[in-house]
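Remarks on the structure that follows.
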Amino acid sequence: MTSVLPLPSEVSERVATPRHYLMCRPEHFAVTYAINPWMRPDIPVDLALALRQWDELRAVYLDLGHRVDLLEPLPGLPDMVYAANGATVLDGIVLGARFRYPQRAGEAAAHAAWFSAAGYERVVEPEFVNEGEGDLLVVGPEGEETVLAGTGFRTDPRAHAEAERVLARPVLPLELVDPLYYHLDTAVAVLDPVTIAWLPAAFSPASQAVLRSRFPDAIEADPADAAVLGLNAVSDGRNVVLPAQATGLAKTLADRGFTAVPVDMSELLKGGGGPKCCTLEVRA
Ligand code: ARG
């Protein structure tokens with residue numbers, strides 16, 4: 001029997017699954033301090049535009065059929081819009097965050113309180129610094145997920161074992177080396193249970209080798225797409241919501257059978273974030 005391998009453009013239809021997200025409207029968004037190289041307190045932020053862009057992101061998720069819950073924004077926490085950093089949720093277990101910098105410390109309790117009020121029974125306050133899904137990305141088939149765990153700039157390597165214990169999944173430690181890609185979700189996008197897109201140069205040589213062997217079908221992002229935080233994308237298995245400026249990556253995704261859904265997040269980029277940073281996935 002002969003078999004013909006499908007060409008990349010003929011990959012079988014990708015399947016979207018409905019998701020549950022937690023978001024926080026950027027009502028108090030500002031860039032008043034700099035804890036990553038994208039943040040420039042001297043450059044003004046257009047708050048009205050940030051709100052419009054965020055409203056549009058939420059509308060995109062609702063149009064795609066996803067559920068979006070909202071976390072109450074708190075004054076004095078301008079980075080709270082980056083909801084992905086507040087927790088990591090798997091099997092309904094909530095591993096809370098502990099932030100590296102004091103400017104964001106207050107966000108952790110707000111997330112934990114939200115999950116407790118929503119009826120989540122296991123909300124764990126961590127001992128070590130972890131910045132939620134900024135550095136802990138869940139990948140793999142349901143029940144057999146692995147947690148890709150970034151370190152180097154924010155999340156403490158000791159948090160990896162803690163995540164493994166609390167979430168009851170193996171953790172794959174990955175070392176980030178470029179301060180522009182300070183969170184794992186700026187350098188890797190999880191597209192489906194077996195496919196990631198990533199920027200190899202953001203990782204140490206050892207971590208590059210680990211990712212290459214683990215994800216042979218990975219999409220290597222062009223540095224120009226990564227530089228507009230194109231990898232800060234949110235996928236439901238088929239639709240990939242990504243920064244509109246990442247046009248090359250959008251084309252590659254389309255070639256691989258995904259539907260690219262571009263959103264303009266230019267104002268939130270001034271804080272060093274894109275669509276994924278604004279989106280915490282809640283896995284029941
Ligand atoms: N200004 C925020 C910080 O530096 C941006 C967080 C972006 N979030 C993310 N998931 N990458 O902490």
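Whatever order the structure lists them in is the order used to number ligands and atoms, beginning at 1. Below, each value reflects all heavy atoms present in this structure, side chains not excepted, and no hydrogens, waters or symmetry copies.
Listed here is the closest heavy atom pair of Phe99 and Ala108: CE1-N, 3.7 Å.
Side chains of Asp225 and Gln245: no donor on one and acceptor on the other come within 3.5 Å.
Each of Thr88, Val94, Val89, Val138 was evaluated against Leu167; a single residue qualifies, Thr88, per the side chain to side chain contact (heavy atoms under 4.5 Å, CB included) test.
Rounding to the nearest 0.5 Å places CG of Leu199 at 13.5 Å from CD1 of Ile219.
Here the two rings, on Phe153 and Tyr182, have centers that are 6.0 Å apart or farther.
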Please tabulate, one line per pair, the protein N or O atoms found under 3.5 Å from any N or O atom of ligand 1, giving the distance to one decimal.
{"from": "ligand 1", "atom 1": "1 (N)", "to": "Asp79", "atom 2": "OD1", "distance (Å)": "3.0"}
{"from": "ligand 1", "atom 1": "1 (N)", "to": "Asp79", "atom 2": "OD2", "distance (Å)": "3.0"}
{"from": "ligand 1", "atom 1": "1 (N)", "to": "Gly271", "atom 2": "O", "distance (Å)": "2.7"}
{"from": "ligand 1", "atom 1": "4 (O)", "to": "Asn36", "atom 2": "ND2", "distance (Å)": "2.7"}
{"from": "ligand 1", "atom 1": "4 (O)", "to": "Arg154", "atom 2": "NH2", "distance (Å)": "2.8"}
{"from": "ligand 1", "atom 1": "8 (N)", "to": "Asn85", "atom 2": "OD1", "distance (Å)": "2.9"}
{"from": "ligand 1", "atom 1": "10 (N)", "to": "Asn85", "atom 2": "ND2", "distance (Å)": "3.1"}
{"from": "ligand 1", "atom 1": "10 (N)", "to": "Asp185", "atom 2": "OD1", "distance (Å)": "3.3"}
{"from": "ligand 1", "atom 1": "10 (N)", "to": "Asp185", "atom 2": "OD2", "distance (Å)": "2.7"}
{"from": "ligand 1", "atom 1": "11 (N)", "to": "His183", "atom 2": "ND1", "distance (Å)": "2.8"}
{"from": "ligand 1", "atom 1": "11 (N)", "to": "Asp185", "atom 2": "OD1", "distance (Å)": "2.7"}
{"from": "ligand 1", "atom 1": "12 (O)", "to": "Arg104", "atom 2": "NH1", "distance (Å)": "2.7"}
{"from": "ligand 1", "atom 1": "12 (O)", "to": "Arg154", "atom 2": "NH1", "distance (Å)": "2.8"}

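Using a 4.0 Å cut-off between a side-chain N of Lys or Arg and a carboxylate O of Asp or Glu, Glu281 and Arg19 qualify as a salt bridge.
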